[in-house]
Every structure is written in structure tokens, then in C-alpha cells.
Amino acid sequence: AQYKDLLSTNFRGRTGNALLFNQVINVTAGPLEDSIMTTGLHVIRCLFCVICQERVGWKYEVAFEEDQKYKEGRFILEEELMLSTT
């Protein structure tokens, strides 16, 4: 991911701090899955590093709560998972 695509540092993932991006690179996406999060039900795709195939975050595909719609099509990278893949 590039800094210019960083939208927010104020997110939490399963492993701690997470970053919201408009666009990411060097990842592949898994199948659609439902995920119940603190902000409601979302449809996501897990993201995997193209080099090591480890999970690094997820992509929001659908947000069901109206105030969460801004997340659709955006990406979360978890800091802890990014550090463990390097």
C-alpha cells in the first residue's frame, strides 16, 4: 500500500491496530464471507500477501449499516500481520 492511499489509522483488526486504505498492492483476495464486526455485519474478502500467502487484512465488499457504507470497496491492513510477514 502507498501512503497516498491511506484513509485512516483509527481502525482495529483481529490482532490490534489496523489501517484503512483506498487501494492496496501485492495482495490477493479470498472468497466472499460474512463477518460480524463491532460496527455490524459486513461482507468481506480476506487479503493475502502475494509473496508469502499469509493473511494481512481484508476488503470490505458490502456494509449493511448505512453509516458504514463508506467502507465498501476499501481495504484494511492489520499492522501486526504486516509485521509478521516481513
Side-chain angles (χ1 to χ4, degrees):
Q2 296 182 333
Y3 183 77
K4 69 179 180 129
D5 293 315
L6 178 63
L7 299 173
S8 177
T9 59
N10 195 25
F11 277 77
R12 299 285 294 169
R14 295 174 183 135
T15 61
N17 293 337
L19 309 169
L20 180 69
F21 285 90
N22 196 43
Q23 181 175 306
V24 294
I25 57 174
N26 297 327
V27 297
T28 58
L32 292 172
E33 58 184 84
D34 291 340
S35 181
I36 299 173
M37 301 181 179
T38 57
T39 56
L41 176 64
H42 296 80
V43 177
I44 65 167
R45 292 180 189 272
C46 287
L47 300 176
F48 301 90
C49 172
V50 296
I51 296 170
C52 67
Q53 305 304 312
E54 293 291 326
R55 188 174 63 83
V56 293
W58 66 87
K59 178 182 181 184
Y60 289 105
E61 295 290 351
V62 179
F64 292 96
E65 301 293 329
E66 196 60 39
D67 66 341
Q68 300 299 306
K69 293 282 187 188
Y70 74 95
K71 295 176 182 176
E72 291 181 340
R74 302 225 164 110
F75 303 84
I76 289 286
L77 295 180
E78 295 190 55
E79 288 182 358
E80 184 66 31
L81 298 177
M82 296 296 296
L83 294 173
S84 66
T85 61
T86 57

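None of the values given here were measured: they were computed from a predicted structure. Numbers for residues simply follow the sequence, beginning at 1.
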### Summary
Heavy atoms of K59 and F75 approach each other most closely as CD-CE2, 3.5 Å
### Query
More than 12 foreign heavy atoms under 6.0 Å from CD of Q53: is that the case here?
yes
### Task
Quick one: name the residues clustered hydrophobically with I51, using the 4.5 Å side-chain heavy-atom rule over I, L, V, M, F, W, Y, and just say none if it's on its own.
V50
### Query
When hydrophobic residues are tied together by side-chain contacts of less than 4.5 Å, even through go-betweens, does I76 share a cluster with Y70?
yes
Check residues 2-16 and write down every donor-acceptor pair under 3.5 Å in which the side-chain atom is one partner and the other belongs to a residue at least two apart or another chain.
from	atom 1	to	atom 2	distance (Å)
S8	OG	N10	N	3.0
R12	NH1	N17	OD1	2.8
T15	OG1	E78	OE1	2.6

Less than 3.5 Å apart, which donor and acceptor atoms pair up between the side chains of residues 18-47 and the rest of the protein, not counting sequence neighbours?
from	atom 1	to	atom 2	distance (Å)
N22	OD1	R74	NE	3.0
T39	OG1	K71	NZ	3.2
H42	ND1	G40	O	3.0
R45	NE	E61	OE2	3.0
R45	NH1	G30	O	3.2

